[in-house]
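Below is one structure; the comments refer to it alone.
Please read these numbers as outputs of a predicted model, since none were measured by experiment. Here is the naming used below: chain letters follow the sequence lines, and residue numbers restart at 1 for every chain.
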2 protein chains.
Amino acid sequence: MQNEKTANLEHQRHTLAHLLGAAVMELYPDAKLTLGPAVDDGFYYDIKFAGSVGAEELASIENKMRELLPTWTTVTHQELSKDEALEYFKGNEFKAELINEIAERGETITLYTMGSFTDLCRGGHIDDLSTIDIDSFKLDRIAGAYWRGKETNPMLTRIYGLAFETKADLEHYEWQQEEGRKRDHRKLGRELKLFTLSDLVGAGLPLFQPNGMIIRKELEEYLWSLHKRKGYDRVWTPHLAKESLYVTSGHAGHYMDDMFSVHGGTSKEDFYLKPMNCPHHMQIFADNQFSYRDMPVRYFEPATVYRDEKTGQLGGLTRVRSITQDDGHLFCRPEQIGPEFAAIVGIIKEFYTTMGMMDGYWVRLSLRGDDHSKYLGSDEVWQTAEKALTDICEEQNLPYVPAKDEAAFYGPKLDFMFKDAIGREWQLATVQCDFNLPERFDLSYINEQGEKERPVVIHRAISGSLERFMGVMIEHFAGAFPVWLAPVQVAILPVGEKFAAYGEKVKQALDDANIRVTLSTDESLGKRIRQAKTEKIPYQIVIGEKEQTSDTLTVEGRNDLKLENISVQDFIIRITEEIKNRSL
Amino acid sequence: MQNEKTANLEHQRHTLAHLLGAAVMELYPDAKLTLGPAVDDGFYYDIKFAGSVGAEELASIENKMRELLPTWTTVTHQELSKDEALEYFKGNEFKAELINEIAERGETITLYTMGSFTDLCRGGHIDDLSTIDIDSFKLDRIAGAYWRGKETNPMLTRIYGLAFETKADLEHYEWQQEEGRKRDHRKLGRELKLFTLSDLVGAGLPLFQPNGMIIRKELEEYLWSLHKRKGYDRVWTPHLAKESLYVTSGHAGHYMDDMFSVHGGTSKEDFYLKPMNCPHHMQIFADNQFSYRDMPVRYFEPATVYRDEKTGQLGGLTRVRSITQDDGHLFCRPEQIGPEFAAIVGIIKEFYTTMGMMDGYWVRLSLRGDDHSKYLGSDEVWQTAEKALTDICEEQNLPYVPAKDEAAFYGPKLDFMFKDAIGREWQLATVQCDFNLPERFDLSYINEQGEKERPVVIHRAISGSLERFMGVMIEHFAGAFPVWLAPVQVAILPVGEKFAAYGEKVKQALDDANIRVTLSTDESLGKRIRQAKTEKIPYQIVIGEKEQTSDTLTVEGRNDLKLENISVQDFIIRITEEIKNRSL
């Protein structure tokens, strides 16, 4: 159902791109339309205007769209020969280029007509145009774009529109965008001194400041504690390997563009930076000859891999070249796929419950398609694995969407989509079967009969990449991290120097209880309170005459929490419990 | 004094190389001598024999050496012209090559005569040959070696000798070598499944198996706990940087041969793998504008750096390309050098006391030489720093050797030499002042007057590299790690299946107390006990009728320790205490 709704919205957006084209042609008859697709939050059209057109003209174009829409009562289409189509779009060299390409591919050339507007189009519109809510779309912004994205091509004008099912959805989206900008992790990352981007180091290679490192380490340790409990072992692998490792794994064939090559200075030897940990983990397994009694074997390694991306696509923590995966691989017998997937799903649920992200999450179950020849591994192992994954989805009552034909060639998988505090969806956790790598690395364990048997590999990542996940978390919490993640957990603010000694005593007690605490006396109290709020420190303790005399604390927390006359010991018990439980 | 003794021994070894040459010429008059220097444990001579000479001939050569030595009563030398020297060594093309080179450099050609043997030599012998103990040296082994190490040159025969001050020293060294072979960390690393070397990954890039990772992680966490207590913060930096970072740091000039270059796939951008963390840490500091109130600023990052070495020089964990330093940098005011060095020396002492390596350790204090123009930084800051370091050595009663002229151009330092369980010396910890990097990165903090001031950087490493340190530790402990480091701390061995349930109960209790424990019932008891001993598991608990009935344990430990009728709880208290204290 989720998918059907999505398809309908995409058709609507596509139709609105046509409407935008029609409005432009009404207002600017000399303009040349080029391409106008649907996108994730609406649509756009790239247009060659005769003169210059700016943002101030968007309102009149949008009005024209609203004016035209009621006149669009039907959608019709016709097939044309190449010559007919070229004749129809005479004078528009962009459409001519598209028509020639369609013809070259041997495809049918179709024109779609709505109202009095006809455009070159392969179809994909909604049938009943009257269902489009006139307030569910709006023109958003204008930008320059090269024809087909190529810098040597002519510059066009791109007009973006937003479009959703309903006006409420549109408004929600706009609120989300505005709220997202306020929470932008790049902005908060600077303000809260979480990470640093350095021109000398390079784009997409963030450096973690002490504050950011506290969050990163807490997340990593929490993830490890969840895995340790399920019988995982830590391993460590270097960041380099020779090409031969990737020839064996098969990555050398189709993954090279994303990989960084490495060349020795003295040795002149060639290597690659690892773009994933799997091949290394295969080598750790292969150096043992395990027996069936040792299975499953489970490795965990939060390791940084490196993938190349164009500089222009990099930003903050969410698009980086240094990607620290909470990675792990397990090696099991086919009948162990079920219990092991269940254990991982358990870890995922616990982790995202702690993060407060379980509202509205859903799971995609990617299965193989009908053409079994496209897939590696026996029918038997595929059936076992797909049944195990489906059973887990059912037993654990996961809100799952089976996606036939979406499995990788090497095995079925589960992908988890979670929504952040402002409702934006992120694909984060993943669990995948792999019938390919054990073959390529000729892995085996000894079965009960003393014979070699091939294990199944399971890839799993809970947070995905720690960098991206931290980017998401900074925005999810808007920088106001739960106490266990907060770089500074308590700010002690004596009203003046006179109470600094008592403040120091309280600080020492909190330090001894492993609570992250700061004490400051060097500015006015008002300024220090504001500073603590800017830094989003969960608890502020203002210390004055009353507190010192009664040897108690007055504590202010988030959501107007106020604790008065609380003893230092009671506060420590309270906050320690909160940290231990990783309370939200 | 240490240095004087070393120089004397080196002269003695050099003299013995001549003696070896003389003995060879007596026995093989057709042989041609080439080069014969002193080395770390003795001497060697590279010789072109007319026929083939093997290990079985070493005894007779050694006998001839002992026969000749008493006849060597004086050492004399003479200067020759190039032509005279060439005439003297006529027929020996190797000596001719050396003579021509000496003449070309404009140096004096000298011949040294002892007994009836004369050799081309620049000198450096002991004056009184009668002090050489006839039993303090021996011929050790024979090997092939290319003339001057070049593969295209003729192959020579290299005869190695061992030589020490006394017979006892020689015997101790031979025992040490033999004991070292038994403890070889490469052999133990395989047996105890600590790490893996993979041809597919590459030489010098060890992968850590779960067992090795436990040790690595315990060491890393211990090191972090020592630093956390002294006010250090964790940071994280990527493994890559652009060349511009190393141009700024100055490494680009003279360090490039040791560095791995990195090239983007899609982006085509160029980077280097970091060969050290300092330049990255400078960027983390520089992204803040600290005030004098924030100083010192202390960063800690156990990070893997990559340095290229020739494949032939790589081996096990002690010569690797992936080097994980327990790295850290601190930024301080000149007057803070003293207290900060003192804190680091405190960490070093605590760490190496825990490791049982404080017997016979010593410290080299590297100071600047007389020509102050060779050094960077003001006279004032050098004087402050050198005084601070000397004061610490005195106050903390360190066995230190001042080494004038040994400081780096950028600052003075302390290097720590520790001896392992069989007396081999390893240079491990280091603390260095750096007046250069703060200049190159234009670092500053704001002083009391609101002006920018330049901080001093202190580099420090406690274990050096975790890989090399683990290699040393494996041999130091001969694989029998103290309980806190042991991958498996307790083996539970029920005498038979009948007692498996009680074994399981004990295991659960130990698991819950975070003790690393295995339980096995699948082989004969004798075999399982032998296995536990091979794996050097510190404690073995054999469970039978008596233990099950009385709900107690019989525990066997190292050094014939036996605990009988001990309750599970009491054993947990005992072992937990041992782990917490990191007892040896």
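For chain A, the option among B:V235, B:D233, B:D199, B:T304 with the highest count of heavy-atom pairs below 4.5 Å is B:V235. Note: B:W236 leads B:F208, B:Y246, B:F271, B:W236 in heavy-atom pairs under 4.5 Å with chain A. When B:S244, B:G202, B:S261 are compared by the number of non-hydrogen pairs under 4.5 Å with chain A, B:S261 comes out ahead. For chain A, the option among B:I214, B:D522, B:D258 with the highest count of heavy-atom pairs below 4.5 Å is B:D522. Counting heavy-atom pairs closer than 4.5 Å to chain B, the top-ranked of the candidates A:R190, A:M256, A:E301, A:H280 is A:H280. For chain A, the option among B:L205, B:T237, B:T248 with the highest count of heavy-atom pairs below 4.5 Å is B:L205. With respect to chain A, the highest number of heavy-atom pairs below 4.5 Å among B:S322, B:S267, B:A241 belongs to B:S267.
For B:R321, the part lying near chain A is the side chain, with the backbone staying farther off; criterion is any non-hydrogen pair under 4.5 Å. For B:Y255, no part sits under 4.5 Å from any heavy atom of chain A, backbone or side chain. Neither the backbone nor the side chain of B:R307 comes within less than 4.5 Å of any heavy atom in chain A. Both the backbone and the side chain of B:T266 have a heavy atom closer than 4.5 Å to some heavy atom of chain A. In this structure, chain A has a heavy atom under 4.5 Å from the side chain of B:Y299, while its backbone stays farther away. Residue contact with chain A, scored on non-hydrogen atoms closer than 4.5 Å, is absent for B:D270. For a residue to count as touching a neighbouring chain, one of its non-hydrogen atoms must lie under 4.5 Å from one of that chain's; by this rule B:E309 touches chain A with the backbone only. Of the atoms belonging to A:R216, it is side-chain heavy atoms, and not backbone ones, that fall under 4.5 Å from chain B. Interface residue B:K268: only backbone heavy atoms are found under 4.5 Å from chain A. There is no contact between B:D511 and chain A, counting heavy-atom distances below 4.5 Å. Interface residue B:F195: only backbone heavy atoms are found under 4.5 Å from chain A. Contacts between A:P206 and chain B at a heavy-atom distance below 4.5 Å involve the backbone alone (N, CA, C, O).
Looking only at atom types and distance, the side chain of B:S465 has no donor-acceptor partner in the side chain of B:Q325 under 3.5 Å away. B:E504 and B:Q508 share no side-chain donor-acceptor pair at under 3.5 Å.
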Problem - Check against side chain to side chain donor-acceptor pair (under 3.5 Å), B:T196 and A:Q283 - result: CA-CA 8 Å; B:T196 288; A:Q283 290 300 93; over 6 Å; no
Problem - Intermediate values then yes/no, side chain to side chain donor-acceptor pair (under 3.5 Å), A:N288 and B:Q209 - result: CA-CA 10 Å; A:N288 301 271; B:Q209 292 278 347; 3.2 Å; yes
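Considering all non-hydrogen atoms of both residues, B:T521 and B:R528 come closest at CA-NH1, 3.7 Å. The nearest pair of heavy atoms linking A:L273 to B:V262 is CD1-CG1, 4.1 Å. Of all the heavy atoms in A:K230 and A:L226, the pair that sits closest is CG-O, 3.5 Å.
Remark: B:L188 CG to B:L194 CG distance equals 8.0 Å, nearest 0.5 Å.
Note: B:F300 and B:H227 meet the aromatic proximity criterion, with ring centroids under 6.0 Å apart. Side-chain rings of A:F290 and A:F331 stay apart, their centers remaining 6.0 Å or farther from each other.
Ring geometry, A:H239 versus B:H239: the interplanar angle falls from 30° to 60°, so the pair is classed tilted.
Annotation: side chain of B:L245 is in contact with side chain of B:F441 (closest heavy-atom distance under 4.5 Å).
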